[in-house]
Amino acid sequence: MNTDLTEIAGKFQLDGKIDEVTQLGEGFINDTFIIKTKGNSPSYILQRKNKNVFSPIPAMMENIQKVCNHIKTKVEKAGGDPMREAMTIIPAHDGKLYYLDQDDEYWAVSLFIDDTIAYDAAETPELAYAGGKGVGKFQSQVADLKEPLTDILPGFHNIRIRFEQWDDVLQRDPVGRKAKVQEEIDWIDSRREEMLSFWKLVEDGTIPTRVSHNDTKINNILFDKNGEVLCVIDLDTVLNSTVLNDFGDAIRFYTNTGKEDDENLDNVSMDMEIFRAFTKGYLEEAASFLTEKELEYLAFSAKYITYEQVLRFLMDYIDGDNYYKTKSEDHNLVRTRAQYKLLTDMEEKFNAMNAAIKQLAQ
Ligand code: GN1
Ligand code: MG
């Protein structure tokens, strides 16, 4: 990338003089950097937002700002620190929530919250419990956000729309990979009706639509040094959808005993102890607002989101790897198989998940 990151950072209303801008983490979607400043001034997160995924970016930034402001008000009322317990978006010098560079790329900046820990895996039940409380608390903080958010990701967790994309990619087979993955394609097709019948309940309002985060993997949460959740980050995907997406995606990520792209499928399974711990924390915060129908489908949502993830990785593989950043030619296929292994283990443990939820919800 030839972009001058310091110049881009200079377009925003930062405190202090910029010292250096360096890459942070390896996101699948956006490019993320940290801006260090001289002296005692704060650090910042700089992101190039992926305009092929989120569209339009200005509306996405408005969504994020609405959610941040709403949470800040809640935190203040509860006597907390709104600068640490909610994200702070830093506007550009012209007041916009983003900067558009000469290559038509969108950049955004937020305050870096220091003295926090981001985990890549839920190593202990204690951490999973704290994460569950974090996701539940986030949902309860935004539960009364009445203004609708702009849908900048049409069909994100909507399996009906995913199937439209799926059918289209399979029909096009743009890079000739389809014939190699017939077995994997059957995994998707054999569960189509089951998944659609769940989504119908969201479409007809049986399962309510609320403000949801939609990308609740553990590294999208900042923990404080005592292991408590401080702040939920990565708000790009906040949407009006079912909150079951958040529970399901968290279970997909937290309970996996292997990696999301584990090549050794023996490593991959669903850890029921982590499931119980996350769910306990989640229900402590969320049970008061969840409806009976939402509770009834909690365990199913873990299967739903994991299935969707199998579909998305496989669809991207067949499409020629246009969506997710990949590190090898068959990376998306490796991810597909690892997530499918997780799905089949969830299917085996479905009754156990439901029993645990029943007990914890009492
Ligand atoms: C992406 O951006 P990141 O890494 O937090 C993706 C999620 C997937 C996840 C898979 C906008 O999340 O939906 O579940 O990768 N985000 C988007 O790890 O597509
Ligand atoms: Mg993220």
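Indexing begins at 1, ligand by ligand and atom by atom, following the structure's order. Position 1 is the first residue of the sequence, and the numbers go up from there.
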Checklist entry - For ligand 1, is any non-hydrogen atom under 4.0 Å from Asn219's backbone (N, CA, C, O), its side chain (CB onward), both, or neither? => result neither

Checklist entry - Looking at Asp234, which atoms of ligand 1 are within less than 4.0 Å of one of its heavy atoms? => result 5 (O)

Next on the checklist: Only heavy atoms of Ile29, strictly under 4.0 Å: list the atoms of ligand 1 that pass.
Outcome noted: 1 (C), 2 (O), 16 (N), 17 (C), 19 (O)

Item to check | Region of His157 engaging ligand 1 - heavy atom pairs below 4.0 Å | outcome: neither

Checklist outcome for this item: Checking heavy atoms under 4.0 Å, the part of Asp236 that sits near ligand 1 is neither

Checklist outcome for this item: For Thr237, the atoms of ligand 1 under 4.0 Å from one of its heavy atoms are 11 (C)

Checklist entry - Numbering the atoms of ligand 1 from 1, which are under 4.0 Å from a heavy atom of Phe54? => result 11 (C)

Item to check | Shared hydrophobic cluster, Leu235 / Leu46 (ILVMFWY, side-chain heavy atoms < 4.5 Å) | outcome: no

Item to check | Lys137 versus Tyr282, side-chain donor and acceptor atoms under 3.5 Å | outcome: no

Checklist entry - Can a donor-acceptor pair be found between the side chains of Gln339 and Arg312 at a distance below 3.5 Å? => result no

Item to check | Sub-4.0 Å atoms of ligand 1 with respect to non-hydrogen atoms of Tyr323 | outcome: 11 (C), 17 (C), 19 (O)

Checklist entry - Between Ser241 and Asn245, does any side-chain donor sit less than 3.5 Å from a side-chain acceptor? => result yes

Checklist entry - Hey, looking at atom 4 (O) of ligand 1, which of Arg335, Glu260, Lys217 has the closest heavy atom? => result Lys217

Item to check | Path from Leu111 to Ile89 over hydrophobic side-chain contacts below 4.5 Å | outcome: no

Next on the checklist: Below 3.5 Å, N or O to N or O, backbone or side chain included: is there any such pair between Asn214 and ligand 1?
Outcome noted: no

Next on the checklist: Heavy-atom contact check, 4.0 Å cutoff: does Phe253 meet ligand 1?
Outcome noted: no

Item to check | Per-atom contacts, ligand 1 versus Tyr324 - under 4.0 Å to a heavy atom | outcome: 8 (C), 15 (O)

Item to check | Per-atom contacts, ligand 1 versus Asn220 - under 4.0 Å to a heavy atom | outcome: 5 (O)

Item to check | Residue from Gln47, Arg48, Gln23 passing side chain to side chain donor-acceptor pair (under 3.5 Å) with Thr32 | outcome: Gln47

Checklist entry - What's the verdict on ring-ring contact (aromatic ring centres under 6.0 Å, His included) for Tyr297 and Phe198, showing C-alpha distance, side-chain angles and the deciding distance? => result CA-CA 8 Å; Tyr297 280 91; Phe198 164 73; 5.7 Å; yes

Checklist entry - Which atoms of ligand 1 have any heavy atom of Asp215 under 4.0 Å away? => result 2 (O), 3 (P), 5 (O), 7 (C), 12 (O), 16 (N)

Checklist entry - Quick check: does any side chain N or O of His213 sit under 3.5 Å from a backbone N or O of Phe138, one acting as donor and the other as acceptor? => result no

Next on the checklist: Suppose we screen for side chain to side chain contact (heavy atoms under 4.5 Å, CB included). Which residues come up paired with Glu296, at least two apart in sequence or across chains?
Outcome noted: Lys293

